[in-house]
**Q** 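Here it is, the structure in full.
What you see is a predicted model, and the numbers here were worked out from it, not measured in a lab. What you see below is based on every heavy atom in this structure, not just the backbone, and it leaves out hydrogens, waters and symmetry mates. Sequence lines set the chain letters: A, B, ... in the order given, protein chains first and strands last, and positions in each chain run from 1.
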Protein chains: 2
Amino acid sequence: METFFNYLRRYTEHPMSAQEIALLQQAFSRRKVRKRQYILQEGDVCRHLSFITKGAMRQYSVDDKGIEHIVQFGIEDWWMSDRESFELGSVSTYNIDAWEDSEVLQIHYDDWWEIRNSIPAMRILTAEMDKRHAVAAQKRIHAAITLTAEERYLDMLRHQPAFIQRFPQNMIASYLGISPETLSRIRKQAYLKNE
Amino acid sequence: METFFNYLRRYTEHPMSAQEIALLQQAFSRRKVRKRQYILQEGDVCRHLSFITKGAMRQYSVDDKGIEHIVQFGIEDWWMSDRESFELGSVSTYNIDAWEDSEVLQIHYDDWWEIRNSIPAMRILTAEMDKRHAVAAQKRIHAAITLTAEERYLDMLRHQPAFIQRFPQNMIASYLGISPETLSRIRKQAYLKNE
DNA sequence: AAATTGAATTGACAAATGTCAACTACTCAT
DNA sequence: ATGAGTAGTTGACATTTGTCAATTCAATTT
């Protein structure tokens, strides 16, 4: 829980009262998630929002051919959920599972709603989260329609080195929307250029 | 302004007081934008949020080779801004201009901040906007990394026919991240399939 | 230590998409 | 009415990326 409060302090500035802190501690529940364990499966409704305090997770869909398409990575201090399913209560087409043994703080949709209404700092945090999320999404969309596969990889290398270090290469390829073979070749070429 | 209030009623349910309505009318200013006229240029900071009451606009970047990359279209009832520049006050790398003669309601960043704090309905609206925006962004990212060029076009045809009707084909291609020639061929093939 | 597993690499080839140039059709301004 | 632009189409070819199969490599299990 300490990780989470550090995160809160970083993004809200607003100090919270002891009472508010107690409320938060009540609303969030800690959960260990082992490698390869799911916290959301395709076909279920995403009822919880999860804050990662430890570990590495991913959100992905599986197509007709059984190929996984990763739309999001998450490590410490990241939130995981299928936003569409969570907000709309619709059936999710995504899976979320742990790649490293992880630990998350989960809050139920109803409590999240409640918390945001009753604790001002949480409203600010939500707005901040949405803002950052929107900016990141715009960048990723721009990268997808503008850059080549190699440029997208280099861009990721620069802006999200943590992901590249902690997830295997085939998952990075999936995230970038290219085949593992192509990524392997891109890396080889980039390496040769530096020699 | 009527268009805007219709929109508000549709998304907030909360009726507003006469005083609040007056506040809104004061904060927003109406502006006509002629075809090809800019409301944001690369290098400027995006200080205003614009709600389109009439017309059609687009947001795009221009690369080294002078090629435009469209990241967003907007028509009636859509908001336009470079979210990153608007929220962070950073210099924008995007342009926003009108494709049809348009009319927008503009609000300055400071007033927008103020309005959201003082009018509860606007806070709800903001949250709703962010939510819808996040869902749409996730879908577009998923489409970009999962679908082929043809599938992306068909997806757009199904979910955003209005854009396809109102913007020329080369802009649709830019939005999809493909060359105009490729889109032309995709359309030809799709047409042949239906014969 | 041997065997097993899965990830990463590599090669050969196929498919998708981009580029360039030519041509057509259309609109708009003079 | 004429001419200049602009969008869209088409063909030929280049480049990028995907697919499939084989191989290497490292980690893990037995």
Side-chain angles (χ1 to χ4, degrees), chain A residues 34-36 56 58 60-70 73 97-101 143-157 163-195, chain B residues 34-37 56 58 60 62-70 73 97-101 143-157 163-195:
Chain A
R34 300 187 55 203
K35 179 167 180 168
R36 297 216 150 80
R58 67 197 177 122
Y60 60 97
S61 68
V62 181
D63 69 19
D64 317 326
K65 297 173 191 147
I67 297 172
E68 299 175 352
H69 300 279
I70 299 177
F73 288 128
D97 68 12
W99 175 242
E100 302 173 2
D101 288 339
I145 68 171
T146 306
L147 305 180
T148 64
E150 177 172 7
E151 289 168 332
R152 292 206 299 282
Y153 174 68
L154 294 177
D155 186 62
M156 188 174 181
L157 203 53
F163 290 158
I164 294 195
Q165 285 155 18
R166 293 175 69 172
F167 292 93
Q169 208 166 300
N170 59 3
M171 292 188 188
I172 305 292
S174 171
Y175 181 85
L176 293 172
I178 60 181
S179 69
E181 293 94 336
T182 296
L183 179 55
S184 173
R185 287 173 180 128
I186 284 172
R187 282 169 48 94
K188 190 180 179 186
Q189 284 179 359
Y191 175 76
L192 290 178
K193 280 180 190 166
N194 287 348
E195 284 309 289
Chain B
R34 298 185 56 204
K35 180 167 180 166
R36 295 217 152 80
Q37 188 182 347
R58 66 197 179 122
Y60 60 97
V62 181
D63 70 18
D64 317 326
K65 297 173 191 148
I67 297 173
E68 299 175 350
H69 299 278
I70 300 178
F73 288 127
D97 68 10
W99 175 243
E100 302 172 4
D101 288 341
I145 67 171
T146 306
L147 305 181
T148 64
E150 177 173 7
E151 290 167 331
R152 293 206 298 282
Y153 175 69
L154 295 177
D155 187 61
M156 189 175 181
L157 203 52
F163 290 159
I164 295 196
Q165 283 155 20
R166 293 175 69 173
F167 292 93
Q169 209 166 299
N170 59 5
M171 291 188 190
I172 304 292
S174 171
Y175 180 85
L176 292 172
I178 59 180
S179 69
E181 293 94 335
T182 296
L183 180 54
S184 173
R185 287 172 180 127
I186 284 172
R187 282 169 48 94
K188 190 182 180 186
Q189 285 180 356
Y191 174 76
L192 291 177
K193 282 181 188 167
N194 287 348
E195 285 308 289

**Q** What is the separation between atom CG on N170(B) and atom C1' on dC26(C), rounded to the nearest whole Å?
**A**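 Rounded to whole Å, this separation is 14 Å.
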
**Q** Test Y153(B) against every option in I164(B), T182(B), I178(B) by the side-chain contact (heavy atoms from CB on, under 4.5 Å) rule and name the one that passes.
**A** I164(B)

**Q** What does I178(B) touch in the nucleic acid at a heavy-atom separation under 4.0 angstrom: a base, only the sugar-phosphate, or nothing?
**A** sugar-phosphate

**Q** Would you kindly give the CD1-to-C1' distance between I186(A) and dT17(D), to the nearest whole Å?
**A** 9 Å

**Q** Atom CD of E150(B) and atom P of dA16(C): how far apart are they, to the nearest Å?
**A**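 These atoms are roughly 9 Å apart.
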
**Q** Among the nucleotides dT17(C), dG18(D), dT10(C), which one has an atom lying closest to any side-chain atom of A149(B)?
**A** dT17(C)

**Q** I want to verify a distance call: between dT10(D), dT17(D), dA7(D), whose nearest atom is closest to the T182(A) side chain?
**A**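 Selected nucleotide: dT17(D).
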
**Q** Do the side-chain N or O atoms of K188(B) get closer than 4.0 angstrom to the phosphate oxygens (OP1, OP2) of dT10(D)?
**A**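 Yes, because at least one side-chain N or O of K188(B) sits under 4.0 Å from OP1 or OP2 of dT10(D).
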
**Q** In whole angstroms, how far is the C1' atom of dT9(D) from the CZ atom of R187(B)?
**A**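 For the pair R187(B) CZ and dT9(D) C1', the rounded distance is 11 Å.
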
**Q** On DNA chain D, check which nucleotide each of E181(A) and T148(A) is closest to and give me the residue with the more 5' one.
**A** T148(A)

**Q** Output the single nucleotide from dT17(D), dT10(C), dT10(D) whose closest atom is nearest the side chain of S184(B).
**A**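 Of the options given, the side chain of S184(B) lies nearest dT10(D).
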
**Q** Taking all atoms of both residues into account, what is the closest heavy-atom pair of G177(B) and R152(B), and its distance?
**A**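 Looks like O-NH2, 4.2 Å.
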
**Q** Quickly work out the Q189(A) CD to dT17(D) C1' distance and round it to whole Å.
**A**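 Going from CD in Q189(A) over to C1' in dT17(D) covers 12 Å.
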
**Q** Closest approach of W99(A) and R36(A), non-hydrogen atoms and distance?
**A**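 Closest approach of W99(A) to R36(A): CZ3-NH2, 3.6 Å.
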
**Q** Using every non-hydrogen atom in the two residues, find where Q169(B) and L183(B) come nearest and quote the distance to one decimal.
**A** O-CD2, 3.4 Å

**Q** Quiz question: going by heavy-atom distance under 3.5 Å, is there a donor-acceptor pair between the base of dG11(D) and the side chain of R185(B)?
**A** yes

**Q** Can we say R58(B) and D97(B) salt-bridge, meaning some charged N sits less than 4.0 Å from an Asp/Glu carboxylate O?
**A**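 Yes.
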
**Q** Could you state the CD-C1' distance from Q169(B) to dA25(C), rounded to the nearest angstrom?
**A**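 Nearest whole value for this atom pair: 14 Å.
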
**Q** Find the distance L147(A):CG to dG18(C):P and express it as a whole number of Å.
**A** 14 Å

**Q** In whole Å, what is the span from the CD1 atom of I172(A) to the C1' atom of dA7(C)?
**A**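 Taking atom C1' of dA7(C) as the reference, CD1 of I172(A) is at 13 Å.
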
